[in-house]
Engineer: 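Pasting a structure below so you can have a look.
Atoms within each ligand, like the ligands themselves, are counted from 1 in listed order. Residue indices begin at 1 and follow the sequence shown. The analysis underlying the following values was restricted to heavy atoms, covering all of them including side chains, and did not include hydrogens, waters or symmetry mates.
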Amino acid sequence: MNIQSAQFIKGVIHGDDVLDLQPLPQVAFIGRSNVGKSSTINNLTKVKGLAKTSSFPGRTRQINVFLINNKFYLIDLPGYGYAKVSKVERAKIEEVINSYLFHPAIQQKKVVLIIDAFVGPTDSDLEILDALLEYKKPVLILANKIDKVKKSTQLTALTKIKATLHGQTILPFSADEKKGGAGVWEEILK
Ligand SMILES: Nc1nc2c(ncn2[C@@H]2O[C@H](COP(=O)(O)OP(=O)(O)O)[C@@H](O)[C@H]2O)c(=O)[nH]1
Ligand SMILES: [Mg+2]
């Protein structure tokens with residue numbers, strides 16, 4: 001993918017707030033807090049700092065919208081499953097995510113579900129995957145932070161992840177490394 005332009009459009013807290021976007025395809029990034037959603041967006045667009053990354057989980061509470069090449073939108077969603085926030089706060093974040101992901105008037109071109117290759121799929125990951133499949137969303141699963149898994153055990157780790165995630169295709173990825181983005185773009189735009 002040749003990136004000519006990548007711009008931040010807005011940050012919102014409800015799916016209704018993106019209904020005024022141009023009628024262009026939307027690619028959404030979803031996953032646990034701190035799994036590397038923002039890093040993946042920066043890697044794919046090759047714009048460092050486009051999406052704010054943080055080593056502290058639970059920082060993004062809003063839906064951030066980016067316009068790429070004036071052709072499609074990348075949607076950075078808040079992370080779920082962060083244990084250190086209150087129940088009320090967690091429910092609020094889930095509401096923000098669901099209001100966008102399952103909005104009846106929004107059909108994403110792709111929903112990129114990012115899981116941690118080192119940690120493996122969590123209950124929250126499975127829950128969201130099941131919901132995405134139930135809503136017949138076009139899902140792409142990235143196993144990010146593959147650099148944290150020893151080379152010799154990567155295949156075993158990926159096979160295990162795949163089995164847990166109902167045999168869905170899993171793409172190993174490392175948002176921290178420069179390479180690998182081309183394969184992800186190919187899958188996203190399929
Ligand atoms: N080792 C490693 N660290 C990563 C990778 N992707 C993201 N991180 C780190 O994980 C932390 C959270 O990343 P961020 O993109 O902010 O996660 P988000 O909360 O899902 O948006 C940051 O400290 C990143 O540098 C990766 O592929 N490998
Ligand atoms: Mg983020």
Engineer: Which option wins on minimum heavy-atom distance to atom 2 (C) of ligand 1: Asn42, Ile146, Asp176?
Structural biologist: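 Going through Asn42, Ile146, Asp176 one by one, Asp176 has the nearest heavy atom to atom 2 (C) of ligand 1.
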Engineer: Which bit of Asp147 is near ligand 1, meaning a heavy atom under 4.0 Å away: side chain, backbone, both or neither?
Structural biologist: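 It is the side chain that gets close, since no backbone atom is under 4.0 Å.
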Engineer: Just jot down the ligand 1 atoms closer than 4.0 angstrom to any heavy atom of Ser38, in number order.
Structural biologist: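 Under 4.0 Å from Ser38, ligand 1 has these atoms: 15 (O), 21 (O).
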Engineer: Taking it one step at a time, do Val112 and Thr40 satisfy side chain to side chain contact (heavy atoms under 4.5 Å, CB included)?
Structural biologist: CA-CA 10 Å; Val112 183; Thr40 298; 5.6 Å; no
Engineer: Is Thr40 in polar range of ligand 1, meaning some N or O pair under 3.5 Å apart?
Structural biologist: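 It does not: no N or O of Thr40 is found under 3.5 Å from an N or O of ligand 1.
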Engineer: Considering the heavy atoms of Ala175, write down every atom of ligand 1 situated less than 4.0 Å from one of them.
Structural biologist: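 Checking each atom against Ala175, I get 6 (N), 26 (C), 27 (O).
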Engineer: Hey, does the side chain of Asn42 reach the backbone of Ala175 with a donor-acceptor pair shorter than 3.5 angstrom?
Structural biologist: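 Checking the backbone N and O of Ala175 against the side chain of Asn42, no donor-acceptor pair under 3.5 Å is found.
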Engineer: Is it true that Lys110 and Glu187 make a salt bridge, defined as a side-chain N closer than 4.0 Å to a carboxylate O?
Structural biologist: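 Salt bridge flag = no for Glu187 with Lys110.
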Engineer: Which atoms of ligand 1 sit under 4.0 Å from any heavy atom of Arg32?
Structural biologist: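 Here the atoms of ligand 1 in question are 20 (O).
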Engineer: Numbering the atoms of ligand 1 from 1, which are under 4.0 Å from a heavy atom of Lys37?
Structural biologist: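 Answer, ordered by atom number: 15 (O), 17 (O), 18 (P), 19 (O), 20 (O), 21 (O).
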Engineer: Between the candidates Gly31, Ser39, Pro172, Ser174, which shows the shortest non-hydrogen contact distance to atom 13 (O) of ligand 1?
Structural biologist: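 The nearest heavy atom belongs to Ser39.
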Engineer: I would like to know whether Ile188 and Leu44 meet side chain to side chain contact (heavy atoms under 4.5 Å, CB included); could you show each step before the answer?
Structural biologist: CA-CA 11 Å; Ile188 285 177; Leu44 293 177; 3.9 Å; yes
Engineer: Look at Ser39 and state whether any of its N, O or S atoms is less than 2.8 Å from the Mg ion (ligand 2).
Structural biologist: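 Given the 2.8 Å cut-off, Ser39 does not count as a ligand of the Mg ion (ligand 2).
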Engineer: Any idea which atoms of ligand 1 are less than 4.0 Å away from a heavy-atom of Lys148?
Structural biologist: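 Selected atoms, number and element: 1 (N).
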Engineer: Just by distance, do the side chain of Asn144 and the backbone of Val35 share a donor-acceptor pair under 3.5 Å?
Structural biologist: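 Checking the backbone N and O of Val35 against the side chain of Asn144, a donor-acceptor pair under 3.5 Å is found.
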Engineer: Please check if the side chain of Tyr73 supplies one atom and the backbone of Gln22 the other of a donor-acceptor pair under 3.5 Å.
Structural biologist: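 Side chain of Tyr73 to backbone of Gln22, a donor-acceptor pair under 3.5 Å: yes, one is there.
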Engineer: I'd like to know if the side chain of His103 reaches the main chain of Ala105, judged simply by a donor and an acceptor atom lying under 3.5 Å from each other, with no hydrogens or angles considered.
Structural biologist: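 Yes.
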